[in-house]
Amino acid sequence: MPELPDVEGFRRFFRAHALGKTVRSVSADPAILRGVTPAALGRALHGRRFEEPSRVGKWLTCWTDGPALLFHFGMTGSFVWSAADGGPERHRWDRLTLVLAEGGELRYRNMRKLGGVWLAHDQHEVDDILATLGPDAFAVTGSQFIKLLDHRRGGVKAALMDQSFIAGIGNILADDILWQARIHPKRRIQTLTSEERQRLSATIRSILRQAVESDDFMLLKRPRLGQVRGEPGAACPRCGTPLARTVTAGRTTYFCPRCQPDIP
DNA sequence: TTGGTTGTTATTAT
DNA sequence: AATAATAACAACCA
C-alpha cells in the first residue's frame, strides 16, 4: 500500500520522467478527478512545463510553470512510464495519462477509485487541499514529535495513523514502527515514559530513512513485522512468540505480545 | 457467494 | 473538544 516511502518513490519517479517536460495532451477518467473535468484539466495543463515535485505525507504535488497536479494514491495507486518507442500499452486502470511533448507518457494507474487527482491553480489552493495534514513524518524533528505527543491523548497507533496528527504513516508502517519500538499498539500516549517517547521518535526516523533509501520497503533486510504479517501462524521475527492480532481504528493490527506488553 | 483487505472521509458515540 | 468506533467507498482475491 502506498505509504510515505512509496510516495517518495513516486516523487522521484515523476521527477525522473517529467521534470522540465511539456504537456502535449492529457486524457483522464473523470471518476478519478476531484473537482475538475477532463476537458478543464487538459486546458489547464496544455503547454505547461513540469517543475520540482514535492511530497507531504502520502500526497504528491506536481507543480508546473502554471497550476499544480496533486496525486493521492489511495491503496492501489502507482505511476507507469511508457517511452515513446515500445513502452507498455495503456491499461484499463490507467486513470490519467500525461502525454509529453518530448516523447513518452506518464500514467497514473489505480485499480480502485480510492485516492484521486486534484488540480490547484496556485499555492493557496494547494494549501487548502493539504490543510488538514499534520507535519510530514519524515521531515519532523525529534523534538517536534515529542512535543506533538505531549498534546495528544488516546491510543498510540491511532495517533500514528492519523494524518492530521502526523502525515505519511499507514497501517503496515505503524505496526512495524511499534514492533520495532516495542510498544503495544493500544498503549495510551499519556502512559508512555519519556524513554518510550524517545524510542518511538527514533524508530520512526530510522524506519522511514531506511525505507526511503531502500527504494523498496518490502526488500528491507532488517527484521520487520511486515515480513510475516498475514501469514498463518506468524511468529515474532525477534523472539518467535506467535503474533497477536487485533483491530485498531478499523484496521488489522499485528503485534508481539511478548515484546510489546500491554501496560495500562 | 462471502469475507477480507486498506486510506480516507463521514457519521455517530463517548 | 478531542478521540473512538463504525460504515462506506472500490475492486480484487481466496
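Chain A is the first sequence line, chain B the second, and so forth, proteins listed ahead of strands; every chain is numbered from 1. Predicted model, so just to flag it, every value in this text is computed and none were measured.
Between A:Leu149 atom CG and C:dA2 atom P the separation is 17 Å, expressed in whole Å. A:Arg187 has its CZ atom 15 Å from the P atom of C:dA4, to the nearest Å. Whole-Å rounding puts the A:Leu60 CG to B:dG7 P distance at 18 Å. For A:Asn110 and B:dT5, the CG to C1' distance is 15 Å, given to the nearest whole Å. Distance, A:Leu70 CG to B:dG7 C1': 17 Å, rounded to whole Å. When the P atom of B:dG7 is taken as reference, atom CZ of A:Phe10 falls 13 Å away, rounded to whole Å. Counting to the nearest Å, the P atom of B:dG7 and the CG atom of A:Asp6 are 10 Å from each other. Per the geometry, CD1 belonging to A:Ile166 stands 18 Å off C1' belonging to C:dT3, to the nearest Å.
Nearest nucleotide to the A:Asn171 side chain, out of C:dC12, B:dT8, B:dG7: B:dG7.
Around atom CZ of A:Arg48, more than 12 heavy atoms belonging to other residues, nucleotides or ligands sit under 6.0 Å away.
Here A:Ala158 lies in heavy-atom contact (under 4.0 Å) with sugar-phosphate atoms only. Across all strands, A:Gly115 comes closer than 4.0 Å to no nucleic acid atom at all (heavy-atom distances). A:Trp59 comes within contact range of no nucleotide atom at all, as no heavy-atom separation falls under 4.0 Å. Nucleic acid contact class of A:Arg245 (heavy atoms, under 4.0 Å, all strands): sugar-phosphate only.
Secondary structure note: stems in DNA chain C built from 3 or more consecutive Watson-Crick or G-U wobble pairs under 3.5 Å occupy B:2-14 with C:2-14.
Look at A:Gln163 and you won't find any side-chain N or O under 4.0 angstrom from OP1 or OP2 of B:dG7. Side-chain nitrogen and oxygen atoms of A:Thr252 include at least one within less than 4.0 Å of the OP1 or OP2 phosphate oxygen of B:dT5. OP1 or OP2 of B:dG7 has not a single side-chain nitrogen or oxygen of A:His72 nearer than 4.0 Å.
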Start with the C-alpha gap between A:Glu102 and A:Lys21, add the side-chain angles, then the distance that decides, and say whether salt bridge (charged side-chain N to carboxylate O under 4.0 Å, His left out) holds. CA-CA 6 Å; A:Glu102 293 80 0; A:Lys21 307 255 184 82; 6.0 Å; no
Verdict with reasoning, A:Val212 to A:Leu4, per side chain to side chain contact (heavy atoms under 4.5 Å, CB included): CA-CA 8 Å; A:Val212 163; A:Leu4 187 153; 4.1 Å; yes
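A search for side-chain hydrogen bond (donor to acceptor under 3.5 Å, both in side chains) contacts involving A:Ser194 returns nothing, not counting sequence neighbours. Residues forming a salt bridge (Lys or Arg N to Asp or Glu O under 4.0 Å) with A:Lys58 (at least two apart in sequence, or on another chain): none. Scanning for salt bridge (Lys or Arg N to Asp or Glu O under 4.0 Å) contacts around A:Glu51 gives an empty result, with sequence neighbours left out.
In summary, the side chains of A:Gln180 and A:Asp176 do not present any donor paired with an acceptor at a separation below 3.5 Å, with no hydrogens or angles considered.
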For residues 34-41 of chain A, which side-chain donor-acceptor pairs fall under 3.5 Å, sequence neighbours excluded?
unit_1  : atom_1 : unit_2   : atom_2 : d
A:Arg34 : NE     : A:Gly115 : O      : 3.2
A:Arg34 : NH1    : A:Ala31  : O      : 3.2
A:Arg34 : NH2    : A:Lys113 : O      : 3.1
A:Arg34 : NH2    : A:Gly115 : O      : 2.6
A:Thr37 : OG1    : A:Ala40  : N      : 3.1

Strictly under 3.5 Å: I want the nitrogen or oxygen pairs between protein and nucleotides 5-10 of chain C, one per line.
unit_1 : atom_1 : unit_2   : atom_2 : d
C:dA10 : N1     : A:Arg112 : NH1    : 3.4

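One hydrophobic cluster holds both A:Val117 and A:Leu45 under the rule that ILVMFWY side chains link at heavy-atom gaps under 4.5 Å.
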